[in-house]
Amino acid sequence: MIRKIKNIFIEGAISPKTIAESIGHHQHKTKIGAHNIFLGQVRADQINGKTISAIDYSAQKEIANQLCHEIREAAFSKHDLSCMHIYHSLGTVKAGEICFFVFVSSSHRPPVFESLSEIVNDIKEKLPIFGKELFEDKSHQWKVNQ
Amino acid sequence: MIRKIKNIFIEGAISPKTIAESIGHHQHKTKIGAHNIFLGQVRADQINGKTISAIDYSAQKEIANQLCHEIREAAFSKHDLSCMHIYHSLGTVKAGEICFFVFVSSSHRPPVFESLSEIVNDIKEKLPIFGKELFEDKSHQWKVNQ
Amino acid sequence: MEMKLRYFGQLQEATGKKEEVLTDSFESLGNLRNFLLKQYPKLNHVHFKMAQNNKIDIDSSPLSGNLIDLLPPFSGG
Amino acid sequence: MEMKLRYFGQLQEATGKKEEVLTDSFESLGNLRNFLLKQYPKLNHVHFKMAQNNKIDIDSSPLSGNLIDLLPPFSGG
């Protein structure tokens with residue numbers, strides 16, 4: 001099966017409503033028995049007495065979508081997955097809001113548990129996405145992934 | 001910290017709206033950076049030409065809630081988790097609907113990935129919950145976990 | 001001593017009962033199990049655990065509870 | 001040959017530019033990197049990858065693209 005390259009980017013935060021709709025769309029897929037969802041949420045970290053109020057995300061979208069496509073295809077080859085949905089925010093996402101959503105489904109548990117952390121870690125490591133951490137006093141620093 | 005024994009049981013299916021509300025309640029917990037959610041969905045398995053249309057769940061609730069409490073406390077001791085929410089359906093859940101919801105959150109990724117599958121597997125193995133698989137022709141069989 | 005027995009899941013079909021009250025006394029949970037297996041031969045076809053007073057317990061334990069639950073294989077999730 | 005350079009994330013601050021068009025020619029991506037490090041000394045403080053024509057590429061590759069992206073450390077998620 002050849003799958004199209006999808007656009008993973010959503011402007012602004014990913015709302016709980018969007019996530020609920022995505023879950024609801026699987027009700028007619030009655031071969032699915034297990035879903036596993038990862039959500040990244042913006043933390044209000046304190047750094048030298050200043051608090052992060054939001055992250056402003058940008059990306060090289062063409063490359064990010066292409067690499068995400070490759071990560072997706074590799075996961076489908078390796079694991080017995082029914083479907084996979086990946087979204088990442090662009091622009092401003094406030095502390096407490098969700099910026100990253102990875103959703104895998106399968107008939108049974110093992111494939112969703114085995115695949116999800118791999119996919120999440122690969123995306124964070126390989127996709128050219130850049131987070132600018134905004135402090136409450138309007139200063140900023142550039143996010144560093146550990 | 002001594003936590004109260006919670007009631008994990010919900011009558012009927014767990015709706016995407018309930019899941020969205022649960023996610024939304026974490027927006028003010030701005031030390032959280034990572035959520036991981038497992039959802040169990042009822043499959044319309046075909047057995048000898050008959051299709052499962054629903055599962056009717058029952059449980060020894062006192063024991064199940066007590067054992068779930070122990071699983072929860074063990075996970076909090078072992079992993080650096082901010083919060084944990086566990087729900088399981090009782091009564092009839094139709095194929096395609098969600099019957100099991102486990103939600104863990106932490107500042108960072110590793111604790112949520114490490115803990116979620118353990119918690120899910122423990123619950124399925126240890127809690128006295130019983131699934132009666134209902135076929136479309138009104139006959140039934142008793143669910144067996146693998 | 002009176003004790004209430006509750007049958008869960010498929011054990012309700014094997015016994016034809018949801019619950020019953022027994023007045024016999026048994027030394028251990030295992031003795032009660034053997035009594036029930038004779039009473040309800042269909043129970044021989046299903047593995048089941050026993051609990052007393054809301055705690056799953058082993059067959060060698062003295063029977064001291066007045067609430068006994070028979071629990072067939074677990075299949076939550 | 002004309003090529004468009006785009007600067008992402010903190011590299012926009014290091015160069016003071018979002019993008020620019022160069023007409024110089026360079027044999028390899030590495031040669032272009034060295035040119036830019038001299039042009040914008042602040043780039044020395046940030047590790048960055050380069051991409052040509054929407055593919056991340058290594059410094060030893062011949063420079064053949066007309067769209068060059070400079071990508072600072074990734075921090076998605």
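Side chains are part of it too, since the values below use all heavy atoms of this structure and drop only hydrogens, waters and symmetry mates. Chain A is the first sequence line, chain B the second, and so forth, proteins listed ahead of strands; every chain is numbered from 1.
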Name the region of A/Phe100, side chain, backbone, both or neither, that has any atom closer than 4.5 Å to a heavy atom of chain D. side chain
What part of D/Pro72 gets within 4.5 angstrom of chain A, counting heavy atoms only: side chain, backbone, both, or neither? both
Would you say A/Lys50 has more than 12 foreign heavy atoms packed within less than 6.0 Å of its NZ? yes
Just verifying a value: how many Å separate A/Glu62 CD and D/Leu67 CG, rounded to the nearest 0.5 Å? 8.0 Å
Among the listed options A/Gln60, A/His88, A/Lys126, the residue most often paired with chain D at heavy-atom distances under 4.5 Å: A/Gln60
Side-chain donor/acceptor of A/Lys143 to backbone N/O of D/Gly77, under 3.5 Å: yes
Parallel, tilted or perpendicular: ring planes of A/Phe130 versus D/Phe8, cut at 30 and 60 degrees: tilted
Of the backbone (N, CA, C, O) and the side chain (C-beta and beyond), which part of A/Glu125 lies under 4.5 Å from a heavy atom of chain D, both, or neither? backbone
Would you say D/Gln10 and A/His140 are linked by a side-chain donor-acceptor pair, where the criterion is simply a distance under 3.5 Å? no
If one checks every heavy atom of A/Ala59 against chain D at 4.5 Å, the contacting part turns out to be backbone
D/Asn54, part contacting chain A, at a heavy-atom distance under 4.5 Å: both
If you measure from CD1 on A/Ile63 to CZ on D/Phe74, what distance do you get to the nearest 0.5 Å? 7.5 Å
So with a 6.0 Å cut-off around CD of A/Glu21, is the heavy-atom count from everything else above 12? yes
I need the D/Lys18 NZ to A/Ser58 OG distance, nearest 0.5 Å. 8.5 Å
Tell me if a side-chain donor or acceptor on D/Ser75 pairs with a main-chain N or O of A/Asn145 at a distance below 3.5 Å. no
At a heavy-atom separation under 4.5 Å, does D/Lys49 approach chain A through its side chain, its backbone, both, or neither? neither
Under 4.5 Å from a heavy atom of chain D, the part of A/Leu39 involved: neither
Tell me, side chain or backbone of A/Leu127 under 4.5 Å from chain D's heavy atoms, or both, or neither? backbone
With rounding to the nearest 0.5 angstrom, report the CG to CH2 distance, D/Leu11 to A/Trp142. 8.5 Å
Honestly, the part of A/Lys124 sitting under 4.5 Å from a heavy atom of chain D is both
